[in-house]
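For the numbers below, each heavy atom of this structure counts, side chains included, while hydrogens, waters and symmetry mates do not. Here the structure is a predicted model, which is why all the values come from computation and not from measurement.
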Amino acid sequence: MTDVEIEYCVPCGFLNRAEDVQHVLLSSFGEQLDTVTLRTGDHGVFTVSVDGQPVFDKSEDEYDVDEIARLVRQQL
């Protein structure tokens, strides 16, 4: 099984984005995932990691929930 962690910036108000990604991942891949964890952060962070390996970083890519789901799917 697979663990996904979504780290998001609390002061930036990225909780809604993190919840949206969490919802899409659980809806799409729920039976293939052990956990989809939300982890608080700051300094503008918004990252998604699969089994400890980064697959999305807001500082490098444009936020797109569908693209994030595709990136996670590639790791399953």
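- Under the rule for a side chain to side chain contact (heavy atoms under 4.5 Å, CB included), the partners of V55 that lie at least two apart in sequence or sit in another chain are V48, V50, L71, V72, Q75.
- In this structure, H23 and S27 have side chains that are in contact, with non-hydrogen atoms separated by less than 4.5 Å.
- Partners of D57 under the side chain to side chain donor-acceptor pair (under 3.5 Å) rule, at least two apart in sequence or in another chain, are S59.
- The two residues V24 and A69 make their nearest non-hydrogen contact at CG1-CB, 4.0 Å.
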Verdict with supporting geometry, I68 and F46, side chain to side chain contact (heavy atoms under 4.5 Å, CB included): CA-CA 11 Å; I68 294 169; F46 191 89; 4.2 Å; yes
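- Contact between C9 and H43 at its shortest, heavy atoms only, is SG-N, 3.8 Å.
- Applying the salt bridge (Lys or Arg N to Asp or Glu O under 4.0 Å) test to E5 and every residue at least two apart in sequence or in another chain returns R39.
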Derivation of the side chain to side chain contact (heavy atoms under 4.5 Å, CB included) call for V36 and I6: CA-CA 7 Å; V36 180; I6 303 164; 3.9 Å; yes
T47 vs F56, side chain to side chain contact (heavy atoms under 4.5 Å, CB included): CA-CA, chis, key distance, verdict: CA-CA 5 Å; T47 61; F56 175 81; 5.9 Å; no
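- With sequence neighbours excluded, no residue satisfies side chain to side chain donor-acceptor pair (under 3.5 Å) with D51.
- The salt bridge (charged side-chain N to carboxylate O under 4.0 Å, His left out) analysis of residues 11-34, with sequence neighbours excluded, yields no pairs.
- Contact check for V4 versus T35: no side-chain heavy atoms found under the 4.5 Å cut-off.
- R70 is linked by a salt bridge (Lys or Arg N to Asp or Glu O under 4.0 Å) to E67, counting only residues two or more places apart in sequence or in another chain.
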Test side chain to side chain contact (heavy atoms under 4.5 Å, CB included) applied to Y8 and L15, step by step: CA-CA 7 Å; Y8 66 96; L15 175 59; 3.5 Å; yes
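- The CZ atom of F14 lies 10.0 Å from the OH atom of Y63; values are rounded to the nearest 0.5 Å.
- Taking all atoms of both residues into account, the shortest heavy-atom contact from G41 to P11 is O-CD, 3.8 Å.
- Closest non-hydrogen pair, G44 versus C12, comes out as CA-SG, 3.6 Å.
- Cluster annotation: L38 and L33 are assigned to the same hydrophobic cluster (Ile/Leu/Val/Met/Phe/Trp/Tyr, side-chain heavy-atom contacts under 4.5 Å, transitive).
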